[in-house]
Each structure stands twice: as C-alpha cells, then as structure tokens.
Amino acid sequence: MSIGNNARLLDYVSCERLFNPKLEEQPVIVLSNNDGCTIARSNEAKKLGIQMGVPAFKLRQLIQDHNIQVYSSNYTLYGDLSSRVMATLDQLAPAVEVYSIDEAFLDLSTLKNHDLSAYGQHLRSTVHQWTGIPVSIGIGPTKTLAKIANRLAKKLSEAEGVWNLTNCTESLQALASIDVEDVWGIGRQYAKLLRANGMSNALQLRDADQRWIKQKMGVVGLRIVLELGGMSCIPIELCPQPKKMTCVSRSFGRPVESLAELQEAVATYASRAAEKLRRDGLAAWVLTVFVNTNRFQDEPQYYNCSTTYLPVATSDTAELLGYALRATEAIFCAGYRYKKAGVLLSELVPAQVVQANFFDERERHRAQKLMQVMDQINAQMGAQTLKFAAAGIKQPWQVKSERKSKRFTTCWSELPVAKA
DNA sequence: TCTGGGGTCCTAGGACCC
DNA sequence: TCTGGGGTCCTAGGACCC
C-alpha cells in the first residue's frame, strides 16, 4: 500500500503574515498578477463571503467596509518560503514529490507500522518551528484520498491540522461530506455531468458504475473512481518529468495600441522565457508569439499567433528576440486595444544534445558565454539589472502590482528590520 | 477604469502506411 | 446484410490542475 500524504504547504496569506504579524486575525486577501483576482484569503476574509477568483474591483466596497488587507502576489517571497518548507520535508520524510509551489506528496509506505497521525503532527510542528509556516496535512491510501483528507484537515483548528483517512469506518462519512466538485480531477464540466446523474458527493462518485464513468469521462475519470475506492492509480513521482513547453505571458496594466509597445512587452517575455530555458538546461525548437484583446470589453476583438520553427534549438535570448519581434510584427494589426501577449517555447530538448546545423553561421559558443555572464549578473544584482534594449526602459504597459510586500528573504535591501 | 498565469494529459479524427 | 484490418503519427480541442 502506498500512502499519499498530501500537505498544503503554504498559503500566501501565511507568507504575508510571517513578516507582518499585524495581519494575524485580520481579514487578508492576496491578488493574482495585475492585481486582478483573489487567489488567497484568510479565514476572516472567507467569513466575509469573499470567494476564490473574484475580481478585485468587485470587492472594493467590502474591502473598505471591513478594512480588508489587500496584497499583490509576491512570488519571489512565496517561492523562497516554499523551498524552505520543501527542504524541511526532505529531511523528515522518506520520499517527497514536490507537486506545486504549495503542495507536496510524501510516500509513507515504509512507515506502515507507525502511528501516522502522530507522524503528521510531528511533521507539522517541525515545519512550523523551522520555517514559521503553518501547514495542513492529509493522509490517505491514494493521492486522491490524501487530497480529500487535506481538505478536511484545513477546516480543523490551528492546534490540529492533520486528518488521517486510512481508517475505513470513518472515511465513509468523510467522503459523503465532500462535494463532488471538490474531488481532485473533477472540474466544472464533470461536476455538472455527475450532478445531473445523481452523484453529488465523493462517496457517490466512489460507488459509481465504472463502465458509465469510463464511457463518459475516459480513463481519467475511471482512475478517480478507483483512487476514491483506495486503489492507487496515480503514482508518486520522485523525479520531476522534463518540461515539454514553457510560456511567459501577462496581461498589460493598461491597453496597448502601438506595435512598438507590443514589441517591448513581447521582448520582455521572450527574455524571461529564455532565462527559464537556461535555468533548466533546455533549448527550444519552436517559438510562438500570441496577442489578444480584452474579451471582457465590448469592443473589437482580435486574437492571433505566429509560430516559428528555429533552424537550431536555442536558449539564446538575442536569437529568440529576433524571431519574437518579427513574429509580433507579422500578427500586429493596428486599430485594436491589446490586453495581453505571450511567448511560448516548445519542442524543448536538453541543451547539451543540440546539434549544430551545417549551414548555421551563428557563433553559438560566444552567445552562450554572453548569456552565462548576463544570468550571473542578474542573479547577483537582481532580475533585469542587465537586459536587452528591445525590452524597453519605462515599460508603461507593465502589469499592475501596487500592493506588493517586500522580498524579505531574497533581497539584501529589503530585509525585514527588527525593532529593539 | 478594473476579470491571472503556466502547465499536463487524453481523445477523436484525419492522413497515411502495408 | 455483408464494403479489409491493423497500425502510426499528427493535430485540435477539451478538461483539468495549482
């Protein structure tokens, strides 16, 4: 039996509170990029009825009335705290799959004879002591059940925070208490289908007719049902799979109408995408640029993309920039108010195995060295210290991020100050 | 005025092969 | 009545995740 132990490692509000204790017991929300939607809420904010994903502008009155503390998302901070928590788990647990910035699965199958609930408590208190981050832990015989246990754990009081679903008799009740759309893998469409067919909670889904599920929801649906029944179908993956594509895209802080500004933005995203490739030791064969207007506005709409197959797979910013700028020009259409653009790099391969094209005349070795130096400087002096002029200086289209906390743990000039 | 960003997996259908 | 059978590769689109 493999025991998945799913930990919701940090929520963004906890990260903000860690460096700003005044936020304890206050309603706090964290907004998505561009200060768009709500992506994290403190319990106090939930009690005020704030839903996940609600656009911030719809909350203005509520924010004012209840003095809700609002933060722009600070991924530099959250990412750093996340890696501290993951490092702690690595020391304490037999095997860890880092599932996302805020979740991990632990393989506890080697601890069969232990008291798993007590082990969970030990994990929790150690992580809290070492990193200051409160985590909730769900334990179950499959990943899907561990996720459900985690959801139940989150509702517990601060003092508890661990839910163990390995005991069969209790789990019936627990499963019946979980809405079907809250099961991992059941999104809006499947939830609608299931509810229309009389299945509204996790227990009913577990006991569904498997042939019907397979027919309507494919093998993905069948796996969910089996996992709910305790049969593990989604293994723990200890080595991260190599990425197949990488994408950098952003909504603009304000509409963009000129080709020059659009190209600045695309150049910025292409540079960032190239950095990601180099960080992962990858190179791309294919580059796609896309642009679109604001679908929420009642105005002329436009979407287009342009895909370039590169002569040789590359992670060289200068080279990718050239193709990206040309692609942008090709799809730019005057007279529209652009809201978003993005750069997608695909057909990724390990950089070392890239073979040069016989007719290729670029000086790849020199370009590589230049990129190394650039990455080093930006790592030491801060992102975008050194960048290509094509990315622009003032960047008036930049995303909004008006209420961001400081980079307390990753930037010397923004360290928290202790008062005597 | 104001509505996120970055991913993966699966399936169906078409083209093509012997 | 009955229209070959089996395979691969590619793509677009759908669904989901955090």
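Model, not experiment: these values are computed from the prediction. Throughout, a chain's letter reflects where its sequence line sits, starting with A, and its residues are numbered from 1.
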| request: Check DNA chain B against residues 250-280 of chain A and give the residues with a non-hydrogen atom under 4.0 Å, in numerical order. | output: Arg250(A), Ser251(A), Lys276(A)

| task | Consider only side-chain N and O atoms of Glu16(A) and Ser405(A), and report whether a donor and an acceptor are under 3.5 Å apart. | result | yes

| Can you list the residues that meet the ring-ring contact (aromatic ring centres under 6.0 Å, His included) rule with Tyr269(A), with sequence neighbours excluded? | none

| Is it true that Lys47(A) and Glu44(A) make a salt bridge, defined as a side-chain N closer than 4.0 Å to a carboxylate O? | no

| said: Heavy-atom nearest nucleotide on DNA chain B for Val219(A) versus Gly36(A): which residue maps closer to 5'? | reply: Gly36(A)

| query | Are side-chain N/O atoms of Thr293(A) and Glu299(A) paired as donor and acceptor at under 3.5 Å? | reply | no

| said: Check this for me, if you would: do Lys147(A) and Glu227(A) make a salt bridge, where the nitrogen-to-carboxylate-oxygen distance has to be below 4.0 angstrom? | reply: no

| query | Looking just at side-chain N and O atoms, do Tyr336(A) and Asn304(A) make a donor-acceptor pair shorter than 3.5 Å? | reply | no

| query | Between Glu275(A) and Lys387(A), does at least one N-O distance fall below 4.0 Å, as a salt bridge requires? | reply | no

| message | Could you work out, with side-chain contact (heavy atoms from CB on, under 4.5 Å) as the rule, every residue matching Pro94(A), not counting sequence neighbours? | response | Leu108(A), Thr110(A), Leu111(A), Tyr119(A)

| field | P spacing across the pair dT3(B) / dC18(C), given as an integer number of angstrom | value | 24 Å

| query | What parts of residues 189-211 of chain A reach DNA chain B, counting only heavy atoms under 4.0 Å away? | reply | none

| task | Give one of base, sugar-phosphate or nothing for Val183(A), where a contact means two heavy atoms less than 4.0 Å apart. | result | sugar-phosphate

| query | What is the nucleic acid contact for Val248(A), judged by heavy atoms within less than 4.0 Å: base, sugar-phosphate only, or nothing? | reply | sugar-phosphate

| task | Measure from the side-chain N and O atoms of Thr268(A) to the backbone N and O of Glu264(A), and report whether any donor-acceptor pair falls under 3.5 Å. | result | yes

| said: Ignoring hydrogens, what is the shortest heavy-atom contact between Ala284(A) and Leu348(A)? Give both atom names and the distance. | reply: CB-CD2, 3.5 Å

| message | Nearest heavy atom decides the nucleotide; on that basis, is Gly218(A) or Asn294(A) closer to the 5' end of DNA chain B? | response | Asn294(A)

| message | Under 4.0 Å, counting only non-hydrogen atoms across every strand here, what does Ser73(A) touch: a base, just sugar-phosphate, or nothing? | response | nothing

| message | Quiz question: by atom type and distance under 3.5 Å, do the side chains of Ser232(A) and Thr142(A) form a donor-acceptor pair? | response | no

| What is the nucleic acid contact for Arg188(A), judged by heavy atoms within less than 4.0 Å: base, sugar-phosphate only, or nothing? | sugar-phosphate

| Charged N to carboxylate O below 4.0 Å: is that the case for Asp80(A) and Arg84(A)? | yes

| query | How would you give the extent of chain A contacts on DNA chain B, as first and last nucleotide 5' to 3' within a 4.0 Å heavy-atom cut-off? | reply | dT1(B) to dT11(B)

| task | Both distances under 3.5 Å, Watson-Crick or G-U wobble: on that basis, could you give the dot-bracket string for DNA chain C, with [ ] for crossing pairs and | for other-strand partners? | result | ....||||||||||||||

| request: Tell me what Ile186(A) touches on the nucleic acid: a base, only sugar-phosphate, or nothing, going by heavy atoms under 4.0 Å. | output: sugar-phosphate

| request: Step by step, work out the side-chain contact (heavy atoms from CB on, under 4.5 Å) result for Leu123(A) and Val162(A). | output: CA-CA 10 Å; Leu123(A) 276 183; Val162(A) 176; over 6 Å; no

